[in-house]
Engineer: 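Below is a structure I'd like to ask you about.
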Amino acid sequence: MTNEIIKEIAGQLDAGFRCFIHKKTEELKFIPDFDSLGIMDEEMWKDETEFLESDHEEYWEIERMESGDSFNMMSDFITTVEDNSLRYKLEQALQKSKPFRNFKFVIDNSGDYRKRWF
């Protein structure tokens, strides 16, 4: 998968959608996570939902990570960073309020480390 596809998946998961990827073609399908959003009109998504339910064995669902797991993954990644200055910035990002946003900002401006993060 390309970085663009990974970013699309992550963005959709963060926005409250469920992500499905076709096992053979790698086509992506997104539908709202009605359980977590609770405000979406399920009728509007009826065709997509029924299609995925009828063809569910052909798709993998990519699930959103729990925030604790995401935090641990960021912490583990920091231990692999050889650049002392960047490692310090990432450690500081996780210690401030809104650690996910802070980490994303630092890693998005880190050059080659951004690719390694993905």
Engineer: Could you grab the distance from atom OG1 of Thr25 to atom CD of Glu58, nearest 0.5 Å is fine?
Structural biologist: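 Result: 9.0 Å between the selected atoms.
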Engineer: Once you round to the nearest 0.5 Å, how far does CD of Gln12 lie from CZ of Arg18?
Structural biologist: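 Reported to 0.5 Å precision, the distance equals 13.5 Å.
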Engineer: For Arg87 and Leu90: C-alpha separation, side-chain torsions, deciding distance, then whether side chain to side chain contact (heavy atoms under 4.5 Å, CB included) applies.
Structural biologist: CA-CA 5 Å; Arg87 185 172 50 244; Leu90 290 169; 5.8 Å; no
Engineer: Could you tell me whether Glu82 and Arg116 make a salt bridge, using a distance below 4.0 angstrom between a side-chain N and a carboxylate O?
Structural biologist: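 Yes, charged N to carboxylate O under 4.0 Å.
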Engineer: Working note: Tyr59 + Lys29, criterion side chain to side chain contact (heavy atoms under 4.5 Å, CB included); need CA distance, chi angles, decisive distance, verdict.
Structural biologist: CA-CA 9 Å; Tyr59 287 86; Lys29 291 202 177 282; 3.2 Å; yes
Engineer: Taking all non-hydrogen atoms of both residues into account, name the closest pair between Phe77 and Ile107 and its distance.
Structural biologist: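 Smallest heavy-atom distance, with atoms named: CE2-CD1, 3.6 Å.
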Engineer: Let me confirm one number: the CZ-OG distance from Phe103 to Ser75, rounded to the nearest 0.5 Å.
Structural biologist: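 Rounded to the nearest 0.5 Å, the CZ-OG separation comes out at 8.5 Å.
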Engineer: More than 12 foreign heavy atoms under 6.0 Å from CG of Asp69: is that the case here?
Structural biologist: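 Buried by this count: over 12 neighbours within 6.0 Å.
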Engineer: Calculate, to the nearest 0.5 Å, the distance between atoms CG and CZ belonging to Asp14 and Phe100 respectively.
Structural biologist: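 Interatomic distance, Asp14 CG to Phe100 CZ, rounded to 0.5 Å: 10.0 Å.
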Engineer: Might you work through the side chain to side chain contact (heavy atoms under 4.5 Å, CB included) test for Glu8 and Glu4, ending with a clear yes or no?
Structural biologist: CA-CA 6 Å; Glu8 179 182 6; Glu4 290 77 26; over 6 Å; no
Engineer: Testing the basics here: between Pro99 and Leu94, what is the closest heavy-atom pair and its distance to 0.1 Å?
Structural biologist: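 Smallest heavy-atom distance, with atoms named: CB-O, 3.6 Å.
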Engineer: Tell me whether Phe105 shares a hydrophobic cluster with Tyr88, the cluster being built from Ile, Leu, Val, Met, Phe, Trp, Tyr side chains joined at under 4.5 Å.
Structural biologist: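 As far as the 4.5 Å side-chain criterion goes, Tyr88 and Phe105 are not connected within one cluster.
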Engineer: How long is the span from the CD atom in Gln95 to the CG atom in Asn102, to the nearest 0.5 Å?
Structural biologist: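 Rounded to the nearest 0.5 Å, the CD-CG separation comes out at 11.0 Å.
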Engineer: Ring centroids only, cut at 6.0 angstrom: are Phe20 and Trp60 within range, meaning strictly under it?
Structural biologist: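 So the answer is no for these two rings.
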Engineer: How long is the span from the CZ atom in Phe17 to the CD1 atom in Ile9, to the nearest 0.5 Å?
Structural biologist: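 One gets 14.5 Å once the value is rounded to the nearest 0.5 Å.
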Engineer: Taking all heavy atoms of Glu57 and all of Lys23, pick out the closest pair and write down the distance.
Structural biologist: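 Closest approach of Glu57 to Lys23, heavy atoms only: O-NZ, 2.8 Å.
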Engineer: Flag the pair Arg64 and Asp33 as a salt bridge only when some basic side-chain nitrogen lies within less than 4.0 angstrom of an acidic carboxylate oxygen.
Structural biologist: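 No salt bridge links Arg64 with Asp33.
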Engineer: Would you name the heavy atoms of Leu28 and Cys19 that are closest together and state the gap between them?
Structural biologist: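 Of all heavy-atom pairs spanning Leu28 and Cys19, the closest is CD2-SG, 4.2 Å.
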Engineer: Which residue in the set Lys89, Arg101, Arg114, Lys7 passes salt bridge (Lys or Arg N to Asp or Glu O under 4.0 Å) when paired with Asp108?
Structural biologist: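 When salt bridge (Lys or Arg N to Asp or Glu O under 4.0 Å) is applied between Asp108 and each of Lys89, Arg101, Arg114, Lys7, only Arg114 qualifies.
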